[in-house]
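All of these numbers come straight from a predicted model, not from anything done at the bench. Naming convention: chains lettered A, B, ... in sequence-line order (proteins, then strands); numbering from 1 in each chain.
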Number of protein chains: 2
Amino acid sequence: MPPRVTIVDVAARAGVAISSVSSALNNRPGVSDDTRKRILEAAEDLGFVPSLRGRSLSAKRAFAVGLVVHRDPYVLESDPFFGSFIGGIETVLDPRGYALILQMGSERVETLDRYRSLAANRRVDGVFLNELGVDDPRIPLVQELGLPAVGVNAGPAFPLPAVRQDHGRGIAELVDHFVTLGHRRFAHVSGPHEFIHGHQRRRAWGDALAAAGMEPGVVVEGDFTYEGGVSAADRVFGGGSREARPVHPTAVFCSNDLSAIGFMARASELGFRVPEDVSVAGYDGIELGTYVRPALTTIRTNPRLIGREAARMLLDAIDACPEGTRRIPDVDVDPAHLLVRSSTGPAPLQD
Amino acid sequence: MPPRVTIVDVAARAGVAISSVSSALNNRPGVSDDTRKRILEAAEDLGFVPSLRGRSLSAKRAFAVGLVVHRDPYVLESDPFFGSFIGGIETVLDPRGYALILQMGSERVETLDRYRSLAANRRVDGVFLNELGVDDPRIPLVQELGLPAVGVNAGPAFPLPAVRQDHGRGIAELVDHFVTLGHRRFAHVSGPHEFIHGHQRRRAWGDALAAAGMEPGVVVEGDFTYEGGVSAADRVFGGGSREARPVHPTAVFCSNDLSAIGFMARASELGFRVPEDVSVAGYDGIELGTYVRPALTTIRTNPRLIGREAARMLLDAIDACPEGTRRIPDVDVDPAHLLVRSSTGPAPLQD
DNA sequence: TTGAAAGCGCTACCAT
DNA sequence: ATGGTAGCGCTTTCAA
C-alpha cells in the first residue's frame, strides 16, 4: 500500500494551514477565492482523497448504514426482494458518501445481537428494519439505543419513520378481476402469521372480498416458499385429485409469487388445470413468474423504489438526529398494481 | 444517542492509565493479573465497547471488506450464488470483528470505479473478486492499488490468492452418467464467453466428452438466465418441433440450473419430453431445481463453503499485508459433484 | 482571511 | 508493571 496523501500534504503543497484546507474542501466560507483555488489545485495534483477514518472519528459518524437479513440463506437466494431493494438503496447511498453494511443472521435472536453490536461499536449510523414482525423486538431495541432506523412496509402503528407500498389497492384490483371473471369460491395462501406483510395482505384480501359481497373463503398458512405453495395446494384441494373434488376454490391468491408458482405446480399434478379449473395469482412480480406456464398473474411491487426511498429517509433521519428529533414524514411509494397474465381466467362452471 | 463510554472512562474507574486498559483489553502482556482483573471489571460495569473509529484510525484499518456485485439487479434476485456466498463470508467475518460492505454496480466500468473509491478512501481493507472475466480489469487495478484481494473461482493463471471449487470432476461424472445411459449426441448451453467460469465449464465439458471418446456435440451460448435457456433450446432444436427433428441431441448440459430450467420448459413446449426424448442437466444445485418437474439433475456446488474460505483467505491476506507479501496459498474446496435427479434418463432410440 | 491547537478514541512506544 | 504521550487524519474553535 502506498502511503496515503493526507490533508497535511495538501496544506504543505498549497502553503496554507490544514484548517484552511478543510474549509476549502468542504465548501465552507472563510477562505479567499485565491487560497481556495490554490488548495483545490494542490489537492488535485496530489490526488487527495479525504480519509474516511479521520472524518469518521472527528464527525462521530460511520458514514455507513446497516441491513440485517434474517432467516436462512435460502431467502437471499430466492427472494427477489433483496436484490432490487439493495440496488435501490445503493443509488442514494453512494452519491452521499455512504456505504451499506450487510449482515446475515439466520436465527431471530442472533439478528437482534447483530443490531446491538452494530450500534455498540458504532459501525453504522442507522439501520433498515425489514421483514417486520408483529411486535418486532427490534423496534424497542433501536429506540433504546437511539439508533436511527426506518421501517420497510411497516404496519400502521409503527412508531418510527417508515416507507410503505400500498398493497390494498392491488389486492382490491385482484378481487375485482376475479369477481368479474365469475369466481365465487376463493382461497388464500397466506404468509407466516408472524410477519406484518403476510398479515396485511391477508387482511386486505378479506376486506376486499367482503367489500365485493363475497364469502371469505378458505385461508391456509404458507411460508413464502415454493414448497409452502405446494403443500398449500394439497390443503386447499384436500389432498384429493380433481375428480374427487368437483367443488373447490376456483380463485386462489397466494401471498407471494414463489408460493403461487409452487401452488400451480402442485395443482397441475393433482389434475387441476390452470386457469381452466383454478385461477392462481401471486404477489411481488418476480421474473420467474413470466417464465412459468401459464405466466403468473400477480400484483407487482417495486422493491427498488422502496429501497431508494428507505435509504433517502434513513439518511435524512441521520442528518436530523443530532439536533432535534424532528420526525421524518413517512413515505408511500406508488401502490402495487395488478398485473394480469395467463394464470387467471374465467371461472369454471360448478355446482 | 447516549454519550459513549470510552477507554478513558474505564481507565478512570479502574484507577489506571488508558494504556494499561488498552493492553488489558487486547490481551497483551505487561499488565499484572490483579490490574487486568480490575480493568476487565470496570469495562464490564460500564458496558464498554471499543470504538471502531478510534481503532480504525489508529490501526490504519477499516475492519471491513468489500464485495461488489456487478451486472443488473436481476442477478441478485435469481442467482442463488450470492445469498449463500455472503452467508459463508459472514460466518468468518463476524467472529473476527469484520463487516461486509456490499456494493452494486450495473455497468462494468461503474464497478471498477466502485473498487477504486473503496480503496481510495480506505473504506475496506480488502475485496473479493467474484465473477471473474477473461483479462479482468480488476486484477491490475487491485495490484496497482495494493489492495488485498482474493479471487473466487479464478482461472489457473490468476495472479492473486484464490479459492476454487473444482468443476472438472462433476462434469466428468455427468458425461459418464450420460454415456452410461447410452447417449451419443450432446449439446451444451454455455455461459457468456467473457466469464471465466462459463469458459471453464465449457472446456471441461469438451474435455470430458473427448476423454470418453465422444463427438464434441453442439455448443450454443447462453447467458445464465432462464430466458437464455429458453432461446438456447430453440437453437439446439433448430426451432422445430419434435416431429420435425427426428435426430437431435439427446443429452444437454446447461452451464447453470436456471438456464437448464428454462431449457426444459422450452423443450417441453416444442414437444420434447424430458427425460424420455432429451436429458437435461444443470450446474449449481439451486433449490428451484428440486421443485420443477422433472426435478433437475445437476452438479451441486457449495457457495457457502466458497464464501467461508474466501473470507478466511482475505482476512489472512490482510493480516499478512503490512509485513511481507508472503503469498497466501490457494484453497480448493471439495469438488462439485453430480447429483442425479429425474431430468436425465436413458437415451431414446434414434437413427 | 488565516493559522494554531484542541479534540475524536484508540494503539504503541518510551520512560519510570 | 505502570503511566505518560505522541500520533492516526480529520473537523472545529478560537486567536491573531
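- Remark on DNA chain D: of its neighbouring residues B:K60 and B:G15, the 5'-side contact belongs to B:G15, judged by nearest-heavy-atom nucleotide.
- For the pair B:V49 and A:S20, nearest-nucleotide mapping onto DNA chain C gives the more 5' position to A:S20.
- Note on B:D113 versus B:R116: salt bridge recorded, some NZ/NE/NH1/NH2 to OD/OE distance being below 4.0 Å.
- The residue among A:S51 and B:G30 whose nearest nucleotide of DNA chain D lies closer to the 5′ end is B:G30.
- In this structure, A:P50 reaches the sugar-phosphate backbone alone: every heavy-atom distance under 4.0 Å involves primed, P, OP1 or OP2 atoms, never a base.
- A:R55 comes within 4.0 angstrom of the backbone, heavy atoms only, and of no base.
- When the side-chain nitrogen and oxygen atoms of B:S22 are compared with OP1 and OP2 of C:dT11, one or more of them lie within a distance under 4.0 Å.
- Looking only at distances, a side-chain donor or acceptor of A:R114 sits under 3.5 Å from a matching main-chain atom of A:M104.
- Taking the six-membered ring where the residue is Trp, B:F82 and B:F85 present perpendicular rings, their angle passing 60° and hence far from 30°.
- Between the side chains of A:R28 and A:S22, at least one donor N or O sits under 3.5 Å from an acceptor N or O.
- OP1 and OP2 of C:dC8 both lie 4.0 Å or more from every side-chain N or O belonging to B:R4.
- You'll find a donor-acceptor pair under 3.5 Å spanning the side chain of A:S19 and the base of C:dA4, going by distance alone.
- As judged by a 4.0 angstrom heavy-atom cut-off over every strand, B:S23 is placed among residues making no nucleic acid contact.
- As judged by a 4.0 angstrom heavy-atom cut-off over every strand, B:V16 is placed among residues touching the sugar-phosphate backbone only.
- Note: CG (B:L25) to P (D:dT2) measures 15 Å, nearest angstrom.
- Among the heavy atoms of the strands lying under 4.0 Å from A:S32 are primed sugar atoms or P, OP1, OP2 only; no base atom is included.
- Neither OP1 nor OP2 of D:dC8 sits under 4.0 Å from any side-chain N or O of B:S56.
- Residue contacts for A:I18: at a heavy-atom cut-off of 4.0 Å it reaches a base atom on one of the strands shown.
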